[in-house]
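Scope of the values below: all heavy atoms of this structure, side chains included, with no hydrogens, waters or symmetry mates. Counting begins at 1 with the first residue of the sequence.
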Amino acid sequence: MSGPLLRVENLKKYFPIKRNILETLRKAPVRYVKAVDGISFEIARGEVLALIGESGCGKTTAGRTVLRLIEPTDGRIIFDGTDITKLSREEMRPFRRRMQIIFQDPYASLSPRMKIGDAIAHPLLVHGLAEKEEAREFALKMLKRVGLTPEDEFYDRYPHHLSGGQRQRVVIARAMILKPEFVVADEAVSMIDVSMRASILELLESFRKEYNLSQLFITHDIAVGKLIADRIAVMYLGKIVEIGPTDEVLKNPAHPYTMALIQAVPSIARRKKEKKLKITGEVPNAANPPRGCRFHPRCPFASETCIAHEPELVEISHNHFVACHHPLR
Ligand SMILES: Nc1ncnc2c1ncn2[C@@H]1O[C@H](COP(=O)(O)OP(=O)(O)OP(=O)(O)O)[C@@H](O)[C@H]1O
Ligand SMILES: [Mg+2]
């Protein structure tokens, strides 16, 4: 089928903030953390979109909401032409198989008491795709496929017998055994030794080729995004502030925040002599984001317009969008 595999329209996720006793007595209105506040993007078949931004900007919430592991507050999620936003648990079932997630911490996402081979076979049993013996055969093949050999030895090991990199291979194998079309990889290499990262990224890349796998690759590390992504989306306080083809965004960042993220990484900084943007302060509280452009309190170019009006995403070159009143050019 043509068209994007995934389309996300104006997606929002607000978390209510627990009121203290005084607020409850005063019947103060419930306030919300606007973790994701109206994001839109598409992912084509076989495409990798990296979602990049500082801690707390809403990346994980966005990824989990897209998969409906948490319920969206508003917006639409369209997967392979079907609006899945409001599907019931039962109606979601066939989609669950096609959409998988790989978490940051492979130790936390594996049961310590389950043999890793059984952990990999488990999704096949849950989805009724194989009987026990057959699932074991598939799991053995998958162990080999992800480089955990001899596979029959690895099958009987427990997570604590493995290194961090090996555990992440198990988590990837478990997600890939269902031959998904789409995966959210949430900081999939962040907790892994730098020496092992490249091989884990290569493993994901090999599944992209084999399954034509689309990925939403969440990372705070723009250098990792450069390695793996076709396009990059930069998030700031619940919003996408810039999105475009990886090379274009890295060579010609238009948002000052993107520029600052790039300049912070020497290996991808554009010109060493280029004047460094001075971004001060921390990401503001998502419960009370600044009005106008959310980045204005930290932006060296902020003007009255930025304080008064929230910028919309505007296309500044082919497929390259930025939400900024004073884009860098
Ligand atoms: N279940 C929840 N209940 C209330 N607030 C939440 C919940 N989950 C996330 N938040 C808040 O939403 C905002 C976005 O969090 P999120 O975990 O999505 O950010 P992130 O970009 O993934 O950060 P990190 O890089 O640290 O993983 C934060 O302010 C966070 O405190
Ligand atoms: Mg996160």
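- Between Q100 and M176 the shortest side-chain heavy-atom distance does not fall below 4.5 Å.
- If you look at Y236 and H255, their ring centroids are not closer than 6.0 Å.
- Checked by atom type, the side-chain pair D221/T219 shows no donor-acceptor distance below 3.5 Å.
- Follow the hydrophobic side-chain contacts under 4.5 Å out from F295 and you never reach I307; the two are in separate clusters.
- Proximity of T85 to P72: side-chain heavy atoms (C-beta onward) are separated by under 4.5 Å at one or more points.
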Report task. Check the pair E71 / R68 against salt bridge (Lys or Arg N to Asp or Glu O under 4.0 Å), numbers first and verdict last. Result -> CA-CA 5 Å; E71 289 305 322; R68 286 205 48 214; 3.1 Å; yes
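- The cluster map of Ile, Leu, Val, Met, Phe, Trp and Tyr, joined by side-chain heavy atoms under 4.5 Å apart, puts I228 and L261 in different clusters.
- If you check the side chains of H326 and S303, you find a donor sitting under 3.5 Å from an acceptor.
- Two residues are said to be in side-chain contact when any heavy atoms from C-beta on lie closer than 4.5 Å; K59 and E187 meet this criterion.
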Query raised in the report: Taking it one step at a time, do K141 and E137 satisfy salt bridge (Lys or Arg N to Asp or Glu O under 4.0 Å)?
Result: CA-CA 6 Å; K141 274 196 198 135; E137 288 306 312; over 6 Å; no
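- The salt bridge (Lys or Arg N to Asp or Glu O under 4.0 Å) test with E181 is passed by exactly one of R45, R97, R208: R45.
- Between the NZ atom of K86 and the CD atom of E91 there is a distance of 12.5 Å, given to the nearest 0.5 Å.
- Contact annotation: the side chain of Y32 never approaches that of T73 to less than 4.5 Å [non-hydrogen atoms, C-beta and beyond].
- Atoms CD1 and CG, from I77 and L11 in turn, are 5.0 Å apart once rounded to the nearest 0.5 Å.
- Separating the CD atom in E248 from the CZ atom in R231 is a distance of 13.0 Å, to the nearest 0.5 Å.
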Query raised in the report: What do the steps show when you test R294 against E310 for side chain to side chain contact (heavy atoms under 4.5 Å, CB included), and what is the final call?
Result: CA-CA 7 Å; R294 289 163 191 223; E310 183 157 15; 3.5 Å; yes
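- Cluster annotation: V183 and I70 are assigned to distinct hydrophobic clusters (Ile/Leu/Val/Met/Phe/Trp/Tyr, side-chain heavy-atom contacts under 4.5 Å, transitive).
- If you check the side chains of E242 and Y257, you find no donor sitting under 3.5 Å from an acceptor.
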